Amino acid sequence: MEIGQNGLSGEVALVTGASRGIGAAAAEALARAGADVALNYKQSRQAAEALAERLAVSGVKLLPVAADVGDAGQVGAMMEKIEAGMGRVSILINNAGITRDSLLMRMSGEDFDTVIAASLRGAFLCSKAVARGMMRARRGVIINVSSVIGRRGNAGQANYAAAKAGLIGLTKSLARELGPRGVRVNAVAPGYVETDMTAKLPDSMKEQIVKNTPLGRLAAPQDIAGVIAFLASPAAAYITGAVIPVDGGLGI
Ligand code: NAP
């Protein structure tokens with residue numbers, strides 16, 4: 001869905017994991033709708049800077065900011081930079097996430113913890129960092145990027161599925177907690193999206209996924225970004241605590 005030009009003007013958005021894939025597409029959709037956007041990344045500085053340069057034509061402020069979202073100190077420093085450079089965050093997109101797939105018997109505790117830190121603890125830390133300002137202003141939007149895997153589970157992805165299911169619990173809890181203060185909290189649950197994350201999947205697996213997807217294709221990052229921009233916009237003013245599948249019907 002296209003959000004009208006400048007529908008988000010005056011908003012300050014933070015997109016975590018904005019250097020590539022879904023995060024980059026979400027940052028672009030928000031910027032095109034008129035929001036200033038902080039582009040968080042962990043290590044892809046060049047990609048984040050290139051995106052900022054490309055989006056600058058839309059006339060909004062873009063600020064690349066490095067931080068490992070699983071690290072409270074780095075999140076705190078990132079928030080200070082954003083506040084100084086752009087002002088109070090009014091839209092938070094918790095998109096950063098990673099996979100470390102293996103079957104349970106081969107999954108190390110470290111692989112479990114690393115995935116939870118980037119994909120779930122990061123959303124908790126960033127939400128906590130922006131919530132006070134949003135509650136004071138009595139307005140704000142938080143959108144968590146979960147997954148069809150968080151709704152259904154997947155063999156070989158116990159860590160990732162736990163993180164993504166955790167995001168659904170986090171979404172619903174924060175929607176209850178922050179709703180009375182004017183803050184909406186929602187999640188999107190994408191199916192399989194063509195990004196670096198899925199590039200490593202074997203072709204036979206992708207063919208199987210496409211076969212099981214009623215719409216008959218994988219998603220493009222823009223398919224997810226459009227729904228994120230909609231949820232961030234006033235058109236979604238009465239939606240909170242929702243987990244919206246954006247999966248071509250895969251999760252039916
Ligand atoms: P991607 O192309 O692999 O990009 C991941 C992004 O997250 C990068 O910008 C990366 O930054 C950033 N990141 C990773 N760990 C981070 C950390 N600890 N702190 C800050 N940033 C971090 O992934 P994607 O496919 O776009 O996925 C984005 C989100 O959508 C993830 O949460 C993923 O689980 C979810 N999702 C993806 C799919 C799919 O099929 N692709 C399906 C459902 C849900 P660097 O570039 O600096 O490493």
Side-chain angles (χ1 to χ4, degrees), residues 14-29 37-52 64-79 82 92-101 111 113-126 129 143-154 157 159-168 170-171 187-201 205-206 209-210 212-213 217-225 227-228 243-248 250-251:
L14 164 59
V15 180
T16 68
S19 50
R20 314 182 257 133
I22 295 168
E28 175 161 3
V37 188
L39 308 166
N40 160 258
Y41 61 93
K42 187 178 171 193
Q43 41 203 7
S44 304
R45 183 162 64 90
Q46 280 187 335
E49 286 177 353
L51 181 65
V65 269
D68 177 344
V69 293
D71 181 311
Q74 292 188 36
V75 168
M78 170 173 73
M79 293 300 175
I82 296 170
L92 168 65
I93 315 297
N94 285 313
N95 165 78
I98 56 167
T99 51
R100 291 278 185 283
D101 298 351
D111 282 346
D113 291 346
T114 307
V115 168
I116 296 288
S119 316
L120 179 58
R121 181 177 153 82
F124 158 73
L125 290 173
C126 291
I143 299 164
N144 296 318
V145 180
S146 178
S147 167
V148 66
I149 305 302
R151 298 173 56 230
R152 303 176 74 192
N154 196 24
Q157 290 197 301
N159 48 0
Y160 184 76
K164 294 297 174 182
L167 281 175
I168 292 174
L170 184 73
T171 300
V188 290
Y192 286 78
V193 188
E194 294 201 78
T195 67
D196 293 347
M197 185 175 272
T198 49
K200 52 197 169 194
L201 298 177
M205 190 187 276
K206 285 188 194 163
I209 291 161
V210 168
N212 292 335
T213 301
R217 64 173 175 90
L218 302 184
Q222 290 72 19
D223 289 316
I224 317 304
V227 179
I228 290 174
V243 180
I244 304 203
V246 192
D247 61 6
L250 177 66

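What you see is a predicted model; the values in this text were computed from it and never measured. Start at 1 and go down the list; that is how both ligands and their atoms are numbered.
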When rounded to the nearest 0.5 angstrom, what distance separates [atom1] in [X] from [atom2] in [Y]?
X      : Y      : atom1 : atom2 : result
Lys42  : Gln74  : NZ    : CD    : 8.5 Å
Ser146 : Ile244 : OG    : CD1   : 12.5 Å
Leu218 : Thr213 : CG    : OG1   : 7.0 Å
Asp196 : Arg20  : CG    : CZ    : 5.0 Å

What residue and heavy atom of the protein are closest to [atom], and at what distance?
atom                    : result
atom 28 (C) of ligand 1 : Asn95 OD1, 3.2 Å
atom 36 (N) of ligand 1 : Tyr160 OH, 3.4 Å
atom 45 (P) of ligand 1 : Ser44 OG, 3.3 Å
atom 12 (C) of ligand 1 : Gly17 CA, 3.5 Å
atom 15 (N) of ligand 1 : Ile98 CG2, 3.5 Å
atom 26 (O) of ligand 1 : Ile22 N, 2.8 Å
atom 40 (O) of ligand 1 : Val193 N, 2.7 Å
atom 3 (O) of ligand 1  : Arg20 NH1, 3.4 Å

Within the distance-only criterion (no hydrogens, no angle test), does the side chain of [X] pair as donor or acceptor with the backbone N or O of [Y] below 3.5 angstrom?
X      : Y      : value
Thr99  : Asp101 : no
Thr16  : Asn95  : yes
Lys164 : Val145 : yes
Asn144 : Leu170 : no
Arg121 : Gly70  : yes
Asn40  : Ala67  : yes

Pick from [options]: the one approaching [atom] most closely through a non-hydrogen atom:
atom                    : options                      : result
atom 41 (N) of ligand 1 : Ile93, Ile224, Thr195, Leu39 : Thr195
atom 44 (C) of ligand 1 : Ala48, Ser146, Gly97         : Ser146
atom 21 (N) of ligand 1 : Ala189, Ala96, Gly150        : Ala96
atom 11 (O) of ligand 1 : Ser19, Ala123, Ala18         : Ser19

State, to 0.1 Å, how close Ile98 and Ser119 come at their nearest heavy-atom pair, and which atoms those are. N-OG, 3.3 Å

Run the numbers on Tyr192 and Leu201 for side-chain contact (heavy atoms from CB on, under 4.5 Å), then give the verdict. CA-CA 10 Å; Tyr192 286 78; Leu201 298 177; 3.9 Å; yes

Under 4.0 Å from a heavy atom of [X]: give me the atoms of ligand 1 that qualify, with their elements.
X      : value
Ser147 : 43 (C), 44 (C)
Asn40  : 20 (C), 21 (N)
Ala67  : 19 (N), 20 (C)
Val145 : 29 (C), 30 (O), 35 (C)
Gly191 : 38 (C), 40 (O), 42 (C), 43 (C)
Tyr192 : 40 (O)
Asp196 : 2 (O)
Gln43  : 45 (P), 47 (O), 48 (O)

With backbone taken as N, CA, C and O and side chain as the heavy atoms from C-beta onward, which portion of Thr198 lies under 4.0 Å from ligand 1: side chain, backbone, both, or neither? side chain

Any nitrogen or oxygen of [X], side chain or backbone, less than 3.5 Å from one on ligand 1?
X     : answer
Gly23 : no
Val69 : yes
Lys42 : yes

With a cutoff of 4.0 Å, is [X] in contact with ligand 1, counting heavy atoms of the residue only?
X      : answer
Asp68  : yes
Lys164 : yes
Ala66  : no

Go through the steps to decide whether Gln157 and Val115 satisfy the test side-chain contact (heavy atoms from CB on, under 4.5 Å), and finish with yes or no. CA-CA 10 Å; Gln157 290 197 301; Val115 168; over 6 Å; no

Test side-chain contact (heavy atoms from CB on, under 4.5 Å) applied to Met79 and Val75, step by step: CA-CA 6 Å; Met79 293 300 175; Val75 168; 4.2 Å; yes

Determine, stepwise, if the pair Asp223 / Arg217 fulfils salt bridge (Lys or Arg N to Asp or Glu O under 4.0 Å). CA-CA 11 Å; Asp223 289 316; Arg217 64 173 175 90; 2.8 Å; yes

Close side-chain approach of Ile224 and Val188, heavy atoms under 4.5 Å: yes

